[in-house]
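Computed from a prediction, not measured in an experiment: that's the story for all the values here.
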Amino acid sequence: MGIFSPRDVGSTEKTSLSEDEMSTPALKDLSEDDERIRTESEVAELARTLTGQSTWSNVPDNPFHAEKDSALDPNSSNFQARQWVKSMVKLQQADNRNPGRTAGIAFQNLNVHGFGEATDYQKDVGNVWLELIGKGKRLFGLGKRPRRIEILRNLEGIVESGEMLVVLGPPGSGCSSFLKTVTGETHGFVVDQDAYLNYQGIRASQMHKYFRGEAIYTAEVDVHFPMLSVGDTLTLAAHARAPRNPPGGVSKNVWAKHLRDVFMTIFGISHTIDTKVGNDFVRGVSGGERKRVTIAEACLSGAPLQCWDNSTRGLDSANAIEFCKTVRLSAELGGCAACVAIYQAPQSAYDTFDKALVLYQGRQIFFGPTTEARVYFENMGFQCPDRQTTADFLTSMTSPQERIVQPGYEHRVPRTPDDFAAAWKSSFERKQLLRDIEAYKKTYPFESEHYDNFAKSRNAQQAKRQRLKSPYTLSYSQQVRLCLWRGFRRLIGSPSLTFEQLFGNFAISLIIGSVFFNLQPTAESFFQRGAVIFFALLSNAFGSALEILTLFAQRPIVEKHSRYALYHPSAEAFASMLTDMPYKVLNAIAFNLPLYFMVNLRRAPGPFFYFLLVSGLPDHSSDEHALPHDSVMLTHYIASDGASRVDHTWSYHVYWVRRSSELYARMVTLDQLRRSHRLRL
């Protein structure tokens, strides 16, 4: 499980021969030189084994109880990430309550396509029904079928557990589509049904449904709550994936905070723990630091299969290399598999990868070890200029203006994407790759013990009340509490808008109350009272209009966390409603209390609390679907008829404003009946 998953670090295999093997006639006939060589090799292997065991025994047992300023203290300048990972692995092996799990992938006949048209229209409420007519025509073969666009063509490869794959290619070659396909983010395009995807014995449908958070895709765009601090952002990610029984006997809070401090130290952002993340409009951390926050958040998810899409964008060369080394450490000791799409990679960063995949307009032109990629294209007839990195040389193969042909190979090298793909299919490297894929299929068949072990490891970390097939670690109530904690942290991080709305509505109520101050309880004030009631209801209905901007702004963030399987989107919606409830209650009281008594709307407890309840319903009951509709209809009424004609006929104009029209009609009718009753008395 990510960088802190148990893996057989320091384990050894016995290479000494048994007595039965030593008694075979073949070994008796060995010459003395052969026996001496074999003896020396066994002694050397034994020395390496003893050295590894001795080194492993010197690793501290519990990183949570590390001494101050030691190599395991994340708040110390002496902190060493590799030493901490070894200590965590040793602790989990000794604890034996959270069995680790690894992941890899083998893909074959991977074809991805989409559909597009030369022209299209912007869909809205008025013309969206026209799309049904077009679908009906295409169903009966009458309409023009959309053009099929090939995105990926016949991709094949294998990434074992503990390996890193670098995906190279210019923009538009299909690098992002490949990473999205691996992690199941296929919205907008279609994967062919005959495509073969094997996640170490797990089918693609099972991986993307039941184990969604185990294969994650990290986009190059950084989306975070800008008003939330860096520490709180990473604390939520660590807490959402905390196991049921953290190793070492520590609580989930201690586990989450410790892992947060460790990853912040690894990526060099410990000094930003109390700084807002920020965005293009809110002042916060720098662009490079925000990118490292995104990387740390993905690492804290602990996914054994990670896909990074140009995650080094915005980082300098040193930080890009450090990012690759951190992923390398996670792959070596955690057993995860990483696929990274990177542009203009430094040579030191390229050397950390095990395998390379080169794409040219959706076609695969190479897949194999990174050490053989350059030789493959040089043997084909291309020349790598001096001081050019291997990654840039491989990417230049997709550009006719950049690739350089060796003298004498001008008419022998491939030139088009199809030529490169044909050369790859007939190469020896592809034949070796196909043999490796067949061996992978035999080692990890579908529905085998590898699937059962993966499922057991996942279930051992889930909460007690969580469903076995749920991709989430926490139970639903725990997810709501976690999102509720974040909601209040967001409110504390940006209280200005809340207080401005609260005091602004209070000032408006005083102004309106002074305009209609102390109305007389006669029939002459009937229309004025209707105007006041209308304005009170209108202000409460519009009080939630600003939530539209918040809902649309946080949508990509919630979608990303849902892909990481941190929490269910409905848990965030429920927690958001609970977070806003205290403010909405205070806002209703601050606005309706002065207005009601200043205007003289039946100064009695019963009518006042009924007015407070009914007028506050539009603010408390509005949701993300009702808000735009109610606001548009109310605005249309004001623009057309205005507030001067306030009588029972206005209910017909805003009949479609769901709750608002009914509430207003009730309040006006009730006030009229009470006034009539008082006049009769």
Inset, instruction - Applying side chain to side chain donor-acceptor pair (under 3.5 Å), name anything that partners Gln206, two or more places apart in sequence or on another chain. - result: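 Listed in chain order: Glu447.
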Heavy-atom closest contact ([X] atom, [Y] atom, distance):
X: Glu572; Y: Tyr567; answer: CB-CE1, 3.8 Å
X: Leu152; Y: Thr181; answer: CD1-OG1, 4.4 Å
X: Leu394; Y: Val358; answer: O-CG1, 3.9 Å
X: Ala238; Y: Leu300; answer: CB-CD2, 4.1 Å
X: Tyr360; Y: Thr398; answer: CE1-O, 3.2 Å
X: Leu179; Y: Ala341; answer: CD1-CB, 3.7 Å

Value rounded to 0.5 Å, distance of [atom1] in [X] from [atom2] in [Y]:
X: Thr312; Y: Glu322; atom1: OG1; atom2: CD; value: 13.5 Å
X: Leu155; Y: Ser177; atom1: CG; atom2: OG; value: 10.5 Å
X: Leu168; Y: Ser173; atom1: CG; atom2: OG; value: 9.0 Å
X: Phe393; Y: Glu378; atom1: CZ; atom2: CD; value: 5.0 Å
X: Ser229; Y: His224; atom1: OG; atom2: NE2; value: 12.5 Å
X: Glu160; Y: Gln200; atom1: CD; atom2: CD; value: 7.0 Å

Test: [X] and [Y] ion pair at under 4.0 Å:
X: Glu332; Y: Arg328; result: yes
X: Glu559; Y: Arg563; result: no
X: Lys425; Y: Glu156; result: no
X: Arg486; Y: Asp232; result: no

Check whether any side-chain heavy atom of [X] lies under 4.5 Å from a side-chain heavy atom of [Y], and answer yes or no.
X: Trp424; Y: Glu429; answer: yes
X: Leu234; Y: Leu236; answer: no
X: Val230; Y: Val285; answer: yes
X: Ile158; Y: Leu433; answer: yes
X: Cys324; Y: Val340; answer: no
X: Asn198; Y: Gln108; answer: no
X: Lys276; Y: Arg283; answer: no
X: Gln347; Y: Thr390; answer: yes

Legend entry - Intermediate values then yes/no, salt bridge (charged side-chain N to carboxylate O under 4.0 Å, His left out), Glu185 and Lys560: CA-CA 11 Å; Glu185 302 294 330; Lys560 181 184 71 171; over 6 Å; no
Establish, yes or no, whether a centroid distance under 6.0 Å links the rings of [X] and [Y].
X: Phe446; Y: Tyr196; value: yes
X: Phe382; Y: Phe420; value: yes
X: Phe107; Y: Phe178; value: yes

For atom [atom1] of [X], is the number of surrounding heavy atoms from other residues, nucleotides or ligands below 6.0 Å larger than 12?
X: Gln432; atom1: CD; value: yes
X: Lys441; atom1: NZ; value: yes
X: Arg435; atom1: CZ; value: yes

Inset, instruction - Determine, stepwise, if the pair Ser562 / Tyr472 fulfils side-chain contact (heavy atoms from CB on, under 4.5 Å). - result: CA-CA 9 Å; Ser562 178; Tyr472 303 102; 4.0 Å; yes
Legend entry - Side chain Ser426, main chain Ala422, donor-acceptor under 3.5 Å: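 Yes; judged by distance alone, with no hydrogens or angles, the pair exists.
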Inset, instruction - Answer yes or no: is there a donor N or O on one side and an acceptor on the other, between the side chain of Glu289 and the main chain of Ser286, under 3.5 Å? - result: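 Looks like yes, one N/O pair under 3.5 Å.
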Assign the ring pair [X] / [Y] to parallel, tilted or perpendicular, where the plane angle (0 to 90°) is split at 30° and 60°.
X: Tyr199; Y: His208; value: perpendicular
X: Tyr440; Y: Tyr444; value: tilted
X: Phe366; Y: Phe377; value: tilted

Inset, instruction - Would you check, one step at a time, whether the test side-chain hydrogen bond (donor to acceptor under 3.5 Å, both in side chains) holds for Asn154 with Asn109? - result: CA-CA 5 Å; Asn154 298 323; Asn109 298 327; over 6 Å; no
Inset, instruction - Consider only side-chain N and O atoms of His450 and Ser448, and report whether a donor and an acceptor are under 3.5 Å apart. - result: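 Ser448 and His450 do not have a side-chain donor-acceptor pair below 3.5 Å.
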Legend entry - Pair Glu297-His561, side-chain donor/acceptor within less than 3.5 Å: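 Distance-only check passes for Glu297 and His561.
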Inset, instruction - Under the side-chain contact (heavy atoms from CB on, under 4.5 Å) rule, what do Arg260 and Ile273 come out as? Steps first, then yes or no, please. - result: CA-CA 10 Å; Arg260 177 203 64 186; Ile273 186 171; 3.7 Å; yes
Inset, instruction - Under the side-chain contact (heavy atoms from CB on, under 4.5 Å) rule, what do Phe454 and Glu214 come out as? Steps first, then yes or no, please. - result: CA-CA 10 Å; Phe454 194 94; Glu214 307 304 310; 3.8 Å; yes
Inset, instruction - Kindly indicate, with the supporting measurements, whether the criterion side-chain contact (heavy atoms from CB on, under 4.5 Å) is fulfilled by Val182 and Tyr217. - result: CA-CA 9 Å; Val182 169; Tyr217 168 79; over 6 Å; no
